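Written below as C-alpha cells is the structure these notes are about.
The structure presented is a predicted model; accordingly, all values stated were derived computationally and were not measured. The figures that follow rest on heavy atoms only: side chains count, while hydrogens, waters and symmetry mates do not.
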Amino acid sequence: MSAEDSGAIDRFLEELDPIVFVFGALLSVGVIVAFFLDRSFVAGTIELVHDEMLSYLSWALLVIVFLIVVFLLFLIVGPWGKIKLGDGDPEYSFLSFFAMLYSAGFAAGVVFWGPTEALFYYDDPNPLYGVEGGSAEAIPLAVQQTLFHWALPQLAVFTIMGIAIGYFAYNYDGVPLRVSSALTPILGKENLDGPAAKVIDVLAVFATIGGVATSLGFIGSQFVTGLNEAWGVDLGDSGILLVVTAMTILFTISMVLGIDRGIRRLSNFNMGLFAVMMIATFIVGPTMFLLLLGSQAIGGMISDFVAMSLYTGAGAGADGAAWVEGWTVFYWAWALSWSPFAGLFIARIAKGRTVREVAFTGIVATSAATIPWFVFVGGTAVFFQHEGIASFADVMAFEAGAEVTGFIMFEAFPFGAAFMIAFLVLVTTFFVTSADSSTLAVSMMTTGGKAQPSNVNRIFWGLMLGLTAAILMLLGGEGGAGALEQAVVITGAPFAFVCLFAMLSLARNFSANHGRVLLQDRSVLIGSSPDRTDEPAPSAEPSDDD
C-alpha cells in the first residue's frame, strides 16, 4: 500500500463517527441479508408493522405536513425570513442552488411518476370529490391531485429540515452539520453527542440508504424497461447488474469530483434537458387542451388545498381511508424518509442564504418547475387514454409497471424515438444526481457532520447504495422492493415528528432571538404577569367639570 493510500485510509478512520457509521451500515446490510435468508417472513413482518403504523398515525402525518407548509409560507412573507444561515455570501448562484436542490432531492421521482400518476387518479379518483373514474370530469381532478402530491407538501419536509440543520449548524458554535442538529434547542447543545442524537442520526442513515436505493431501483428499472420497450433489448438479471454498476460508477465519479465540479454541473444539465423535454411535450401534445387543463387543475389545487391536506377518508367508509393511506399518506411518509438526506444536503449548499430564500426555493420555485411537468406530461397521458390515442389499461390495472407509461406515450408522438432517447438520458442523469448527493449526505452523517468527507467514505457508501439498488431491482418481481418501500414508510413516519420538532425548535429560537410576531415580548401565556398585584388600580380623581 502506498503512502498516499495509507493516508486516505487513515483520514477515513479518523473522521468516522463510529457509532453512526457502524450501526447505519449494519442496519442497511442487515435488511439486505434478511431478504436473502427469509424473504417472506421479513416481508410479512414489515407489512404488518407498516399497516398498523398507518392505521394509527395517518392523521398525524397529514396534520404535521400541513402545519409545516403553513410555517414555511409564513417564513417567506413574515419578518423571520430575513434571518441568515451563517455569515458571508452564498457559495453558489441562485440558479445553481435551485438546480442542485431540485435535482438532488426530488426530480428523480418527478421524472418517474410524471407520465403515470394522473392515470391512476383518472381511473380511481379521490373519494373527496365523488366523481366517477374514467369520466371527463375526472381528468382535471386527476391532474389536480397529482399537483397536490408533488408540489408544496413533499418539498416542505425537505425544506424545513434543511433550514433547521443549516440555521443551528451555521449560527451556533460547536453545532455539527448533521440531522440531529435540527433539534438543538430540544436536545440541548451539550447533548448532540448523546444517545438520543445518535439514534436520530443512525435512523437517518438507514432511512436514506433504504429510501434512496428503492427509488433508484425504480429509476434503473425504468432505464432497463425503456431499452426493452423501445428497441426490444432484454437485458435480464446480468444486464440489470451491468446497468446499475455503470450508473454507480457514474455517480461515484461525480461525487468524488465534489459539489462544484460534479453535482452542480450535472444538475444544471439536468434542468436544461428537463425544460426541453417539458416544452417539447407541450408543443407536440394537445397544446390548447393542456393550457385549459393546467389552469383548471392549478386553480382547483389552490382552492381545495386545505381540504385535500386534511382529508382522512372519514365518512367515506373503508375505501376512503384506504385511498388516503395508499396515496397521500404514503407519499408523505415516503418524502419524510428522504427528509434527513435532502435536508442535510440543502443545509450544505444553503450557507449564506436567508431563511426566506431557502423557503422560497424549497417550496415555491421547485413547485413552479414541477407543476408544468405534471400538467404537460401527465395531462398528455390522460388525454391519450381518454381519447383512445394510446392505451395504458395494463398500467392502471397494475398489470404493467409504472415505468412503461412514458415510453408508451412518447411512442405515440411524432419522432417518438428521439423523445424516448431523451427520456432515457434524463432518467440516467437524475439517477446520478440523486445518488451522488444522497451518498454525500450519508458520508456527512457518518463523519459527525464534516462538510467534506474523505473519498474513501464517499466511495464506500456509493457502493452500498448501488448494491442495494441492484438487489432491489432483482428482487422487485418477488415483492422485495415493495417490502422495503414499506420498511421505508416505517422509518419515514417517525421523521414526521422529527420535522415537527425541528419546526418548533426554529419557531422557539426565532421568537426568542428575533422578536415575537403574535404577542408582545413581555406577554405571559399562562398565569399572571410578574408585575401584577392584587390591589385595584387607583381610580381617577373627579375633575371640577364632573
ask   = With distance as the sole test, does Gln296 use its side chain to make a donor-acceptor pair with the main-chain N or O of Pro140 at under 3.5 Å?
value = no

Next on the checklist: Keeping Thr361 on the side-chain end and Val358 on the backbone end, is there a donor-acceptor pair under 3.5 Å?
Outcome noted: no

- Item | Any donor-acceptor pair under 3.5 Å from Thr281 side chain to Met277 backbone | yes

Does a side-chain N-to-carboxylate-O contact under 4.0 Å join Glu357 and Lys82? no

### Message
Test your reading of the model: is there a side-chain donor-acceptor pair from Glu137 to the backbone of Val131, 3.5 Å cut-off?
### Response
no

Of Ile165, Leu85, Val175, the one forming a side-chain contact (heavy atoms from CB on, under 4.5 Å) with Tyr170 is Leu85

query: Hey, are Gln154 and Trp334 close enough side-chain-wise for a donor-acceptor pair under 3.5 Å?
result: no

Checking Thr380, Val143, Thr370 against Val375 for side-chain contact (heavy atoms from CB on, under 4.5 Å), the one that qualifies is Val143

Between His149 and the options Trp113, Tyr331, Tyr121, Trp332, the side chain to side chain donor-acceptor pair (under 3.5 Å) test singles out Tyr121

- Item | Distance-only donor-acceptor check, side chains Tyr172 and Asn509, under 3.5 Å | yes

* To do: Kindly say whether Glu399 contributes a backbone atom to a donor-acceptor pair with the side chain of Asp394 at under 3.5 angstrom?
  => no

- prompt: For Ser181 and Thr184, does a side-chain donor sit closer than 3.5 Å to a side-chain acceptor?
  reply: no

Plane angle bin for Phe94 and Phe360 - parallel if under 30°, tilted between 30 and 60°, otherwise perpendicular: tilted

